[in-house]
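In what follows, a single structure is set out as structure tokens and then discussed.
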Amino acid sequence: MEKHIVPVTMDNPDFAVAMDRLKQPQKKKNTGRKKIVIKKIEKCSNKQVTFSKRRAGLFKKASELCILCNVNIAIIVFSPAEKLFCFGHPDVEGIVGRYLKGEKVLVASERRGSYEESNMQYEEAVKNLALEKKNLIETEKMVKGLSRRWWEDPIDEMSERELEQFMVSLYELRKKLTERAAQLFMLSIQ
């Protein structure tokens, strides 16, 4: 078998393809997802970051398993900082209690009751939150009203009654200022 060597010339179609590739911008190559070696992490900060990310993933997978397979799961984890993290479906205490007692089945009525109770508590909390927000808005309005200065109110927006009160207040202010100026003048003379 003989190999044929094709001369590289501008007429050659391979030459044109090669030139087109050179003109295209080079894409930066990413390392992408790599398979990591599973071994103990020595650095504390890296350990905590890895724990946080993996814990979230673990709890998410456990939740998906509960939904897809209709199973009860309890996970109890201590972080590198010795903090406790728990995940349980329907709840950690019920599952751990069942395990310790050696019970095989979680009674469905207990489960339904806890869901109904939780939903009622949630709805009540939402109502209380709405009431508290309303009270906060009213309190803020009252505080604004108390802290406002009557002389800073725009005159154009005042009613006739408010304008009369404003005028009386101005006369009262002028009278008090005159009295105070006289007192200060007398003190400066003495």
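Reckoned from all heavy atoms, side chains included, excluding hydrogens, waters and symmetry mates.
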Which pairs of donor and acceptor atoms, one on a side chain in residues 174-185, lie under 3.5 Å apart (sequence neighbours left out)?
residue: Thr178; atom: OG1; partner: Arg174; partner atom: O; Å: 2.8
residue: Arg180; atom: NH1; partner: Gln183; partner atom: OE1; Å: 3.2

Shared ILVMFWY cluster between Leu170 and Ile155, side chains joined below 4.5 angstrom? yes
So Glu42 and Lys47, do their side chains get closer than 4.5 Å, heavy atoms only? no
Rounded to the nearest 0.5 angstrom, the CD1-CD distance for Ile73 and Glu64 is 10.5 Å
As an exercise, state the distance from CG of Asp91 to SG of Cys86, rounded to the nearest 0.5 Å. 11.0 Å
Got a list of side-chain donor-acceptor pairs under 3.5 Å for residues 52-59, not counting sequence neighbours?
residue: Ser52; atom: OG; partner: Gln48; partner atom: O; Å: 3.1

Side-chain touch Ile75/Val92, heavy atoms, less than 4.5 angstrom: no
CD1 on Ile36 to OG1 on Thr50, rounded to 0.5 Å: 7.5 Å
Using side-chain heavy atoms (C-beta onward) and a distance below 4.5 Å, is Phe51 in contact with Phe85? yes
Say whether, by atom type as modelled, one donor and one acceptor occur between the side chain of Glu162 and the main chain of Ser159 under 3.5 angstrom. yes
Output, in order, the C-alpha distance, side-chain angles, deciding distance and verdict of side-chain contact (heavy atoms from CB on, under 4.5 Å) for Ile76 and Val96. CA-CA 10 Å; Ile76 301 170; Val96 171; 4.1 Å; yes
Measuring only between side-chain heavy atoms, which start at C-beta, is Ile67 closer than 4.5 Å to His89? no
Above 12 or not: heavy atoms from other molecules or residues under 6.0 Å from CD of Glu138? yes
So do Asn72 and Pro90 actually touch side chain to side chain, heavy atoms under 4.5 Å? yes
Less than 4.5 Å apart, any side-chain heavy atom of Thr139 and any of Ile137? no
